[in-house]
Structure formats: C-alpha cells, structure tokens
Visitor: 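If you scroll down you'll find the structure; I have some questions about it.
Just so you know, these numbers come straight off a predicted model, no measurement behind them. Whatever order the structure lists them in is the order used to number ligands and atoms, beginning at 1.
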Amino acid sequence: MNIYAIILAAGKGTRMKSLDQSHSKVSHPILGMSLVQYVLRALKPIQPTETFAIVGFGGEVTTQLVQDSAKVVWQHEQKGTGHAVQQVASYLSRKEGTTIVLCGDTPLLTSQTLSSLLEEHIKNKHDLTVLTCIIDQPKGYGRIVRDKQGLVDRIVEQADATIEEQGIREVNTGVYVFNNKLLFEQLVHLSGNNKQGELYLTDVIKMFKNKGYHVGASILPDSREMLGINDRVQLSEATKIMKLRINRDLMLSGVTIEDPDNTYIGPEVTIGQDSVIRPGTRILGKTSLGKANIVGPETSIENTIIGDNNTIVKSQIVDCHIGNENQIGPFTHLRGHCEIGNKTRVGNFVEMKNGHLSDGVKSAHLTYIGDCTIGENTNIGCGTITANYDGKHKYHTEIGKNVFVGSGSTLIAPITLADNSFVAAGSTLTTDVGEDDLAIARARQENKVGYAKVLKAKINSK
Ligand code: UD1
Ligand code: CA
C-alpha cells in the first residue's frame with residue numbers, strides 16, 4: 001500500500017517575532033536541527049512512498065531544509081490548513097493510498113507514535129484517524145467533539161467554539177491519517193465559513209462523518225509529544241524535553257552524562273560506550289564520538305568525527321577529524337578542517353585551522369597553526385605562529401617528522417621545515433630548513449657587563 005506524507009510548513013509564525021521575512025518558523029533549530037527536520041526524521045521509519053512539504057512564508061529557507069527528503073510544494077497565500085493540503089491535489093488526488101498529514105512545528109512527535117497511529121488506522125479500517133490528546137489547558141487547540149456514542153463527530157477550532165465546547169479537554173494534535181482519495185474528494189468542498197475565514201483541514205472530519213465514512217481517533221498518551229512551537233518560550237520548552245530525551249537514550253546506551261540538564265547533544269550525534277560527557281558541553285551536528293572519550297566540561301563540538309580514548313577539555317572544535325588517544329585542551333580552538341592523528345597533545349590557547357597533525361605531535365601552548373601539515377612526533381614550542389596570510393592570500397607551511405620548533409618562533413609561509421630539523425627559539429623564518437639542519441633567525445645577544453647597575457641609577461635619578 002502506498003503511504004503519502006504531507007507536512008504543513010507554510011504558516012507565518014507571527015509569534016516567533018522574527019526580524020526578517022525569510023526566517024520561517026519551522027527553520028528555527030532545536031539542538032542544531034530545524035523543527036521541520038525533526039518531523040521529517042520522525043517520518044523516516046514509516047518510509048512514505050512520497051513526502052510533500054508545503055512551504056510558503058519564508059519558503060526559500062524551508063526549501064533548503066526539506067528538499068533532500070521531501071517534494072516541495074508552494075502555498076503562496078496562507079489561507080488555512082485545508083488550503084495548504086489542497087496544494088498537493090495535482091500530485092495526489094487520483095492516487096490510491098493512505099495519507100498522513102502533520103505539521104512542521106511539532107518536533108517532539110516520535111516515529112513510534114506515527115507508526116502506531118498508522119497501524120490503528122489500517123487495523124480498524126478507518127477512512128480517517130485523528131491523533132488526539134487529553135490535556136489540562138486545551139486553550140488554542142481544536143477541540144474534539146464526540147457524539148452520544150462517544151465517536152468523533154467533528155473538530156471545532158478555538159475561535160469558533162461555544163463556551164461549552166471550550167470546556168472539552170480532548171484536542172486535535174494536528175496529525176491525521178486519511179484514505180487519500182476520499183481526502184481529496186472532500187477537500188474541494190471546504191469553505192471559509194468560520195471566524196478566521198480560513199479553509200480548515202479540520203472541517204474534513206465532519207464531511208467524512210456526513211458521508212458515512214469511518215472516522216476514528218487515537219489518543220496520544222504523552223501530551224509533551226504534541227507540543228507545537230508557536231513562540232520562543234515553547235521553543236525553549238521543546239528544547240528542554242528533546243535534550244533530556246537524547247541524553248537519556250545516550251545514558252541508557254552506556255554513555256556517562258554527568259549533568260544531563262546542562263549538556264546539549266544534537267539528535268544526529270553518536271557517542272560510543274564509556275565516554276564521559278562533563279557539564280556545560282554542546283555536541284551538535286553530524287558529530288560522531290567513539291568509545292571511552294572524556295569530553296568537557298564546557299566543550300563545544302560540531303560536525304566532527306572523533307575516535308576513541310581522547311580527552312577533550314574546555315575546547316571548541318568545528319568540522320574536524322580526530323583520531324585516538326589525543327589530549328586536547330583546555331582552551332584549544334580547532335576552527336575547521338583540522339586532521340588530528342593519534343596520541344597528539346594540543347594544549348592551552350592553541351588555535352588551529354586547516355592543520356594536519358600526524359601521530360605524536362605536541363603543540364602544548366599558545367600557538368596558531370593555520371594551513372599547515374606537521375609530521376610524526378614533531379614538537380611545536382610555546383608561542384609558535386604560522387604566518388599564513390599576507391592580507392590577501394593564504395600560504396602553506398610544511399613541517400616534517402621529528403622537528404623541534406623552539407618557543408616563540410614565527411614561520412612565514414610558504415615554508416618547509418624538513419624532517420629532523422631544529423628551529424632555535426625566537427626565530428622568524430622566511431627560508432626553508434633542510435633535513436637535520438638547525439635554523440637560527442634572530443639578533444645575536446650582547447651582554448654589557450655591570451651595565452644594569454648604571455642603567456638603574458640613571459633611571460632613579462630622573
Ligand atoms: C491547528 C488545527 C487545530 C489543532 C492545532 C494543533 C486547523 C484549522 N487547526 O491549529 O485543530 O489543534 O493545529 O497544533 O487545522 N499552515 C500552512 N498553511 C496555512 C496555515 C497553516 O502550511 O495556510 C501550517 C503551519 O505552518 C503549521 C500548521 O499548518 O505548521 C498548523 O497551522 P497553525 O496556524 O499553527 O494552526 P493552529 O491554529 O495551531
Ligand atoms: Ca500551531
């Protein structure tokens with residue numbers, strides 16, 4: 001059987017109070033991933049035959065986020081949820097199958113909920129199943145009106161509900177499963193005859209009832225899942241729930257998280273067993289962390305592949321590759337495109353961009369490494385700078401194996417230090433250094449015997 005999915009993501013999101021028009025509501029991130037991508041992710045295990053995302057307000061940004069996993073359909077004017085679904089009619093209206101409709105602003109919905117909703121719909125041979133939830137504060141949601149037999153009769157929106165209907169605590173989560181053909185047959189009959197003058201998708205429920213189609217409800221037990229993000233307070237509430245959900249899963253899989261309230265791990269991150277994550281740490285994007293690493297406190301890692309048994313303390317790492325058994329930090333900043341081998345030591349206030357460190361390299365303090373390749377077991381002394389930029393172009397520094405770069409050296413690129421070479425501390429190098437050679441590039445020291453006394457007397461007499 002064909003299963004189609006339609007994600008409604010064209011709405012304006014007025015309550016997010018964004019500065020610019022291009023910032024669609026569903027593009028707001030939770031732990032580094034946008035709201036609408038969470039919805040797509042929850043849909044994935046269901047393997048829909050085709051998924052449609054309805055975009056409109058801020059649609060260019062939304063398109064970027066969804067186009068890999070969904071067909072983008074534009075709703076140029078936002079005339080309501082029913083109108084949004086109508087935009088897919090030209091693709092779907094004649095197809096046999098089952099269609100799941102959901103909103104792009106409900107990131108906490110789980111795959112499990114969606115599959116059991118679908119299962120229930122099919123098992124009970126429903127033509128329409130709506131996912132409902134019983135909550136204490138139903139204000140703002142569409143209410144589920146049931147008939148005398150307790151069967152779903154219709155949905156009434158907040159704006160249109162009578163005082164009595166407003167007291168109903170069973171609400172519409174905005175997730176539905178439809179018999180596809182019947183959905184599109186009825187959709188054409190929607191009218192905007194309501195308080196908001198919109199075409200409500202929810203009106204289709206009553207139409208199905210009137211036709212004698214089989215309508216049912218599935219009640220969602222955990223109301224946190226249906227949280228729709230309309231403002232930034234709800235965004236932070238959802239972040240909190242998602243954060244604890246992710247952290248809990250990781251802990252149950254063998255990762256120690258010392259303070260789960262204060263650890264921010266993205267939904268796509270993987271972490272191996274016996275890794276320990278210390279407080280104040282953020283690990284986001286497509287990051288994979290192997291086994292038995294110690295990360296944190298206060299470390300931020302994004303889109304980085306990391307092996308096993310590393311210690312990474314109070315550092316910031318973006319877009320890098322790190323092997324095994326390295327000691328990084330505190331206060332290391334790997335700004336991108338760094339390849340770190342195994343058993344290296346990268347320490348305090350070392351900043352690196354596009355740096356390639358082979359096994360056993362040491363760069364323990366106060367160093368800038370940019371556009372630089374460093375061979376095995378080389379030591380980069382404290383205060384070394386690769387001067388890689390002339391204000392317009394970037395140049396490469398090549399450092400071989402077993403090189404010793406003395407403290408306070410400036411290596412002006414392009415430059416090569418061959419294997420086993422030695423750079424005297426305080427040198428400023430502009431010329432390549434050969435294998436086994438020593439380079440000294442600084443003024444020769446002169447000591448004036450006894451002159452310190454004379455100088456001090458001079459100073460004090462002023
Ligand atoms: C909707 C439901 C309500 C339900 C609630 C659950 C309707 C009429 N009401 O109300 O019963 O309790 O969701 O959260 O359906 N959208 C479009 N195009 C539009 C209008 C909306 O794509 O023209 C999208 C929005 O981007 C959003 C979703 O549809 O993702 C829901 O729209 P929203 O305006 O938030 O509906 P609610 O008032 O919350
Ligand atoms: Ca909403």
Visitor: Look at atom CG of Asn193 and say whether more than 12 heavy atoms of other residues, nucleotides or ligands are closer to it than 6.0 Å.
Guide: no

Visitor: Would Gly80 count as being in polar contact with ligand 1, using the rule that some N or O on each side must be under 3.5 angstrom apart?
Guide: yes

Visitor: Could you check whether Lys314 pairs with Glu298 (Lys NZ or Arg NE/NH1/NH2 to Asp/Glu carboxylate O, under 4.0 Å)?
Guide: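 Answer for the salt bridge query: yes.
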
Visitor: By number and element, which atoms of ligand 1 are closer than 4.0 Å to a non-hydrogen atom of Thr81?
Guide: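 Result: 7 (C), 8 (C), 15 (O), 20 (C), 21 (C), 29 (O), 31 (C), 32 (O).
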
Visitor: Considering only heavy atoms, does Thr173 approach ligand 1 within less than 4.0 Å through its side chain, its backbone, both, or neither?
Guide: backbone

Visitor: Check whether any N or O atom of Tyr200, backbone or side chain, sits under 3.5 Å from an N or O atom of ligand 1, and answer yes or no.
Guide: no

Visitor: Does Arg224 come within less than 4.0 Å of Asp222, counting only side-chain N to carboxylate O?
Guide: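 Salt bridge between Arg224 and Asp222, a charged N being under 4.0 Å from a carboxylate O: yes.
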
Visitor: Give the atoms of ligand 1, by number and element, whose distance to some non-hydrogen atom of Ala10 is under 4.0 Å.
Guide: 17 (C), 18 (N), 22 (O), 26 (O)

Visitor: Is the shortest N/O to N/O distance between Leu8 and ligand 1 below 3.5 Å?
Guide: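 Looking only at distances, the answer is yes, because the N/O contact criterion of under 3.5 Å is met.
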
Visitor: Give yes if a backbone or side-chain nitrogen or oxygen of Thr202 is under 3.5 Å from a nitrogen or oxygen of ligand 1, and no if not.
Guide: no

Visitor: Using a 4.0 Å heavy-atom threshold (strictly under), name the region of Gln158 that reaches ligand 1: side chain, backbone, both or neither.
Guide: neither

Visitor: Roughly how far apart are Thr81 OG1 and Ile54 CD1, rounded to 0.5 Å?
Guide: 11.5 Å

Visitor: Can you list the atoms of ligand 1 that are under 4.0 Å from a heavy atom of Cys103?
Guide: 28 (C), 30 (O), 31 (C)

Visitor: Do any N or O atoms from the side chain of Thr332 and from the backbone of Val350 form a donor-acceptor pair under 3.5 angstrom?
Guide: no

Visitor: Which atoms of ligand 1 have any heavy atom of Gly104 under 4.0 Å away?
Guide: 30 (O)

Visitor: With atoms numbered from 1 as shown, which atoms in ligand 1 lie under 4.0 angstrom from a non-hydrogen atom of Gly142?
Guide: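 Reading through ligand 1 atom by atom, the close ones are 3 (C), 4 (C), 11 (O), 12 (O).
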
Visitor: Would you check whether Lys25 has a nitrogen or oxygen atom less than 3.5 angstrom from a nitrogen or oxygen atom of ligand 1?
Guide: no

Visitor: Are the charged groups of Glu157 and Lys195 less than 4.0 angstrom apart, N to O?
Guide: no

Visitor: Salt-bridged, Arg278 to Glu258, with N to O below 4.0 Å?
Guide: yes

Visitor: Hydrogens and angles aside, do His121 and Thr129 bring a side-chain donor and acceptor to less than 3.5 Å of each other?
Guide: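 Note: His121 and Thr129 side chains meet the donor-acceptor criterion.
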
Visitor: Regarding Lys71 and the six-membered ring of Phe52, is the cationic atom NZ or CZ under 6.0 Å from the ring centre and inside 45° of its axis?
Guide: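 The answer is no; the distance or angle limit is not met.
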
Visitor: What do you reckon, does Ala84 have a nitrogen or oxygen under 3.5 Å from a nitrogen or oxygen of ligand 1?
Guide: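 No, no N or O pair falls under 3.5 Å.
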
Visitor: With heavy atoms of Lys79 as the reference, note each atom of ligand 1 found under 4.0 Å away.
Guide: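 This gives 23 (O) as the contact atoms.
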
Visitor: Checking His28 now: which residues fulfil ring-ring contact (aromatic ring centres under 6.0 Å, His included) with it, not counting sequence neighbours?
Guide: His23

Visitor: Between Ile54 and ligand 1, is there a nitrogen or oxygen pair with a distance under 3.5 Å?
Guide: no

Visitor: In ligand 1, which numbered atoms sit nearer than 4.0 Å to a non-hydrogen atom of Ala9?
Guide: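 Taking each heavy atom of Ala9 in turn, ligand 1 has 22 (O), 26 (O) under 4.0 Å.
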
